[in-house]
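Report on the structure given below.
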Amino acid sequence: QVQLVESGGGLVQPGGSLRLSCAAPGNIFAVAFMGWYRQAPGKQRVLVAHIASRGSTTYADSVTGRFTISRDNAKNTVYLQMNSLKPEDTAVYYCNADGRHAGLPNYWGQGTQVTVSS
C-alpha cells in the first residue's frame, strides 16, 4: 500500500521555483517527523529537510536559505517550497514520514522527479 503520495515535481529553469506536496494518512501525520529526501543520478539518497510536529525544522547545508519545509495539519500535508533552483538540485525527491518513535514504521513515498535545466 502506498502510504505517502508526492506531487509537484517537474521541469524548471535554473533560478525558478517549485513546490512539492506530500499527503499522508492522518494517523501517521499526527505523530511522524515529516521529511524530504532526494537522490541524484549516481549518488546516495540524502536528507533535504525535515519538520517535527512542533514545527522545528532541519535543512541540508546545500538548500538552506532556498528551500522551506512546512506543514498544513488540516490537510495532513507537508510541503517543500524550492526557490532559486540549481541544476544540482535535479533528483528524485522522496517524502518520508518517520513514525518509529510512536511505534509506527518509517514510511516512504514513491518519489517525484525534479529536473532543473535550461
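All figures in this text were calculated on a predicted structure; none of them were measured in a lab.
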Just so I know, are the side chains of [X] and [Y] near enough to count as touching, which here means a heavy-atom distance under 4.5 Å?
X	Y	answer
M34	S70	no
Q110	E6	yes
P14	S118	yes
L80	T68	no
W36	I69	yes
T112	Y94	no

**Request:** Mark yes when over 12 heavy atoms from residues, nucleotides or ligands other than E88 sit less than 6.0 Å from its CD; otherwise mark no.
**Result:**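 Check passes, neighbour count above 12.
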**Asked** Does a donor on one side chain sit under 3.5 Å from an acceptor on the other, for N83 and S17?
**Response**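 Yes, a side-chain donor-acceptor pair sits under 3.5 Å.
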**Asked** Does any donor atom in the side chain of Q113 or T115 lie under 3.5 Å from an acceptor atom in the other side chain?
**Response**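 Short answer, yes.
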Determine the minimum heavy-atom distance between [X] and [Y], stating which atoms define it.
X	Y	answer
Y107	P105	OH-CD, 3.0 Å
L18	G8	CG-O, 3.4 Å
C22	L4	SG-CB, 3.9 Å
V31	A102	CG2-CB, 3.8 Å

**Prompt:** Are the aromatic rings of H101 and F33 close, with centres under 6.0 Å apart?
**Reply:**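 Yes, the ring of H101 comes within the 6.0 Å limit of the ring of F33, centre to centre.
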**Request:** Run the ring-centre check on Y37 versus W108 and record whether the distance is less than 6.0 Å.
**Result:**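 Ring-ring flag for Y37/W108: true, centres closer than 6.0 Å.
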**Request:** Would you verify whether the NZ or CZ of R71 falls within 45 degrees of the ring axis of F29 while also being under 6.0 Å from that six-membered ring's centre?
**Result:**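 Yes, R71 lies over the aromatic ring of F29.
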**Option among V114, V63, V12 that satisfies the side-chain contact (heavy atoms from CB on, under 4.5 Å) test with M82** =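 Filter result, single survivor: V114.
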**Asked** Sequence neighbours excluded, which residues qualify as side-chain hydrogen bond (donor to acceptor under 3.5 Å, both in side chains) partners of R66?
**Response**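 Only D89 meet the side-chain hydrogen bond (donor to acceptor under 3.5 Å, both in side chains) criterion with R66.
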**Trace of the side-chain contact (heavy atoms from CB on, under 4.5 Å) decision for S117 with L11** = CA-CA 7 Å; S117 179; L11 174 64; 4.3 Å; yes
**Request:** Give a yes or no on whether the backbone of K75 and the side-chain of T77 come within a donor-acceptor separation of less than 3.5 Å.
**Result:**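 Present.
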**Prompt:** Between T58 (side chain) and H50 (backbone), is there a donor-acceptor pair under 3.5 Å?
**Reply:**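 Absent.
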**Item:** Working for side-chain contact (heavy atoms from CB on, under 4.5 Å), residues V48 and Y59
**Value:** CA-CA 6 Å; V48 177; Y59 297 93; 6.0 Å; no
Can you measure from [atom1] ([X]) to [atom2] ([Y]) and round to the nearest 0.5 angstrom?
X	Y	atom1	atom2	value
R19	Y79	CZ	OH	5.0 Å
D98	I28	CG	CD1	11.0 Å
N27	L104	CG	CG	6.5 Å

